[in-house]
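What follows is a structure written as structure tokens; I'll ask about it next.
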Protein chains: 2
Amino acid sequence: MAGRAAVPEVIWARRERTGRGPKPAYTRADIAAAAVRIADAEGLDAVSMRHVAAELGCGTMSLYNYVPRKEDLYELMVDAVSGEHELWEPSGDWRADVMRIAHQTRALMHRHTWMSRLMSSLYGFSPNALRYLEHCMACLDPLEAPHGTKMELLAMVNGCVTVYVSNELAVAERTRSLPWSDEEEQAVRIAYLGSQIASGAYPRLAAAFMEDAGPIDLEAVFERMLGRVLDGFEPRA
Amino acid sequence: MAGRAAVPEVIWARRERTGRGPKPAYTRADIAAAAVRIADAEGLDAVSMRHVAAELGCGTMSLYNYVPRKEDLYELMVDAVSGEHELWEPSGDWRADVMRIAHQTRALMHRHTWMSRLMSSLYGFSPNALRYLEHCMACLDPLEAPHGTKMELLAMVNGCVTVYVSNELAVAERTRSLPWSDEEEQAVRIAYLGSQIASGAYPRLAAAFMEDAGPIDLEAVFERMLGRVLDGFEPRA
DNA sequence: AGCGCACTACGTACGCTGTACGTAACTAGG
DNA sequence: CCTAGTTACGTACAGCGTACGTAGTGCGCT
């Protein structure tokens, strides 16, 4: 009977509508959509309570009727785009299905570049996340393994995809903010990194950077990474 | 000769000291140490320019002589604790060495719980990061593979460790902010998650959650994950 | 030797953030 | 019908990053 009211509750445990009083002017979906629109167009840092409220056309503080803290707004956003995952009838080939899931997740994170940043800090048992997880598990039905192992597989795949895309986006951001062209980029990288490497203190890094001169094929690397992860779960022959 | 001054430079390309004028009162190491102290004690969000300046005992704007943007302060912090990595003479057993590296990285991120948050957004070719990377590559000398593959291995290991610890910390944070004890935690999780699962819409998730009733052994899961990653790089027999 | 300038230090100020709080309007349940 | 629980929203506050201006300092050059 201790006061458990003052506790930070998960937003999904709250009912959306609560009977008494005037009907809410917006749904959670409206709010999430507005926030996603802003994040897509102007970046995650542009998502402020004021900005989202303005996008919706209501006063700033009205938002707090729907969303107790800003963090919950993020949760709404992640759930909303999690709903973009295509969920198909499992093919029977778990490897192919998981590959397809990974590629779709990557595409989704490229479409909403702020996702990878939010995913790594959120708890993530939103309704759409549950639906998505259930679909992933369904794809793993053909795999002979305990549920726990399957969950570990999914965690690893999701984790790898997230960090991979994070890196992709970080590098893209870095080169985009540079005023030089891609070809000159190489030269610029030499400016600092090269000065360090030329110092001779890092012979192996020097060798590594000399080796891959051409632009790396991000798709191929992604594919290779996934393959290796899944190899670890292949039943022993 | 186009104006390349207005460009966001990497802080490591800046010289720390520049001859003319009064001697700077602090070193980059001083500043990084102050910021790390604050982040460790009060969390990453407590690291503000004002707060760090106060910790150093100087005016807020004086910090900007050393650090052009706040993001660079983060870079300094990451580099500082990257220097905590123990670098040993490679044993000749690359698998064992990589395992040891991963365990140390995990320990480091538990010591500085804000690291995982920063690592996923930073570019990361700071001096200490280079030293660390070179050491990792040295550990991989016994592995018969091209440099590019070795880099991919390290990226995967580092990535997996980062997301793993992120999850660990997120869960810990969630349960810590709850006023209930660990045993009751289980019951609370049922409150929302259980209501969803009991709905019957997610049969596989239900089965999975029922299966692992006891507290999971985080060390064992970590070990297993690493093992699987490394398996993917074992030379084919 | 001494001038000039690059550099450090730092106070003030601006626009922005999340959100606590108080008030007015509204409507469903007893 | 009344009233209690909700919605809506304006105001206010503490804190943020940082642009800008000013004052003082000491190295490098003439």
Side-chain angles (χ1 to χ4, degrees), chain A residues 5-9 11 14-31 34-35 38-39 42-77 114 117-118 121-122 177, chain B residues 5-9 11 14-31 34-35 38-39 42-77 114 117-118 121-122 177:
Chain A
V7 136
E9 265 185 84
I11 189 167
R14 282 186 157 204
R15 302 169 307 300
E16 178 150 13
R17 189 135 154 48
T18 46
R20 208 80 75 92
K23 303 203 168 166
Y26 313 99
T27 66
R28 271 183 195 165
D30 292 334
I31 295 171
I38 292 173
E42 307 173 53
L44 185 58
D45 292 335
V47 176
S48 71
M49 297 303 269
R50 279 170 239 262
H51 204 142
V52 172
E55 174 85 13
L56 280 170
C58 72
T60 305
M61 294 314 289
S62 306
L63 259 189
Y64 281 91
N65 284 318
Y66 304 87
V67 166
R69 297 158 323 198
K70 182 172 185 193
E71 198 192 302
D72 294 310
L73 181 59
Y74 288 149
E75 208 110 20
L76 252 49
M77 293 169 68
W114 41 272
R117 244 175 83 186
L118 288 188
S121 71
L122 256 45
S177 73
Chain B
V7 137
E9 265 185 83
I11 190 166
R14 284 186 156 205
R15 302 170 308 298
E16 177 150 14
R17 194 142 149 42
T18 47
R20 209 79 75 92
K23 305 206 167 165
Y26 312 99
T27 66
R28 273 184 194 164
D30 293 333
I31 295 171
I38 292 173
E42 308 173 52
L44 185 58
D45 292 335
V47 176
S48 71
M49 298 302 270
R50 280 169 238 262
H51 203 141
V52 172
E55 174 85 13
L56 280 170
C58 71
T60 305
M61 294 314 288
S62 307
L63 259 190
Y64 282 91
N65 284 318
Y66 303 88
V67 167
R69 297 160 322 202
K70 184 176 184 191
E71 198 192 303
D72 294 310
L73 181 60
Y74 287 149
E75 208 110 21
L76 251 51
M77 293 170 68
W114 41 271
R117 245 175 83 187
L118 288 189
S121 70
L122 255 47
S177 73

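Chain letters run A, B, ... following the sequence lines, proteins first and then strands; every chain starts at 1.
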**Report entry** Between P of dT19(C) and CG of Asp72(A), the distance in whole Å
**Finding:**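 Result: 9 Å.
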**Report entry** Spacing of Asn65(A) atom CG relative to dA24(C) atom C1', expressed in whole Å
**Finding:**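 After rounding, the gap between these two atoms is 14 Å.
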Requested in this report: Using atom NZ of Lys23(A) as one end and atom P of dA8(D) as the other, report the distance to the nearest whole Å.
Outcome: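 About 13 Å, once rounded to whole Å.
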Query raised in the report: With a 4.0 Å cut-off on heavy atoms, is Ala53(B) in touch with a base, just the backbone sugar-phosphate, or nothing at all?
Result: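 It contacts nothing in the nucleic acid.
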Query raised in the report: At under 4.0 Å between heavy atoms, what does Ser48(B) touch on the DNA or RNA strands: base, sugar-phosphate, or nothing?
Result: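 Touches sugar-phosphate only.
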Query raised in the report: Roughly how far apart are Leu63(A) CG and Met61(A) CE, rounded to 0.5 Å?
Result: 9.0 Å
Report summary line: Heavy-atom nearest nucleotide on DNA chain C taken for Cys58(B) and for Arg15(B); more 5' hit belongs to Arg15(B)
**Report entry** First of Pro24(A) and Thr60(B) reached from the 5' end of DNA chain D, by closest nucleotide
**Finding:** Pro24(A)
Query - Electrostatic pair Asp45(B):Arg117(B) at N-O distance under 4.0 angstrom - result: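 Yes, charged N to carboxylate O under 4.0 Å.
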Query raised in the report: CG of Leu63(A) versus P of dT17(C): gap in Å, rounded?
Result: 13 Å
Report task. State, yes or no, whether a side-chain contact exists between Arg28(A) and Arg14(A) at a heavy-atom distance under 4.5 Å. Result -> yes
Query raised in the report: Is a donor-acceptor contact shorter than 3.5 angstrom present between the side chain of Arg69(A) and the base of dG18(C)?
Result: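 No pair found.
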Query raised in the report: Pick the nucleotide of DNA chain D nearest each of Pro22(A) and Met61(A); which residue has the one closer to the 5' end?
Result: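 Upstream on the strand: Pro22(A).
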Query - Atom-to-atom span, OH of Tyr74(A) to C1' of dG18(C) - whole angstrom - result: 10 Å
Requested in this report: Identify whether any heavy atom of Tyr66(A) sits under 4.0 Å from a base atom; if not, whether one sits that close to sugar-phosphate; answer base, sugar-phosphate or nothing.
Outcome: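 Contact class for Tyr66(A): sugar-phosphate only.
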Query raised in the report: Are side-chain N/O atoms of Ser62(A) and Asn65(A) paired as donor and acceptor at under 3.5 Å?
Result: no
Report task. Report yes or no: is there a donor-acceptor pair, N or O only, under 3.5 Å between the side chain of Arg50(B) and the base of dG15(D)? Result -> no
Requested in this report: Would you check if Tyr74(A) and Leu44(A) make a side-chain contact, meaning some heavy-atom pair closer than 4.5 Å?
Outcome: yes
Query raised in the report: Nearest of dC27(D), dT19(C), dT18(D) to any side-chain atom of Tyr64(A)?
Result: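 Of the options given, the side chain of Tyr64(A) lies nearest dT19(C).
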Query - Between dC10(C) (C1') and Leu56(B) (CG): distance, integer Å - result: 14 Å
Report task. In whole angstrom, give the distance that lies between atom CG of Leu73(A) and atom C1' of dG18(C). Result ->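 Going from CG in Leu73(A) over to C1' in dG18(C) covers 12 Å.
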Query raised in the report: Given dG5(D), dG18(C), dG17(D), which nucleotide is nearest the side-chain atoms of Met49(A)?
Result: dG18(C)
Report summary line: Arg20(A) atom CZ is separated from dA28(C) atom P, nearest whole Å, by 10 Å
Requested in this report: Could you tell me whether the phosphate oxygens of dC10(C), OP1 or OP2, come under 4.0 Å of any side-chain nitrogen or oxygen in Ser62(B)?
Outcome: yes
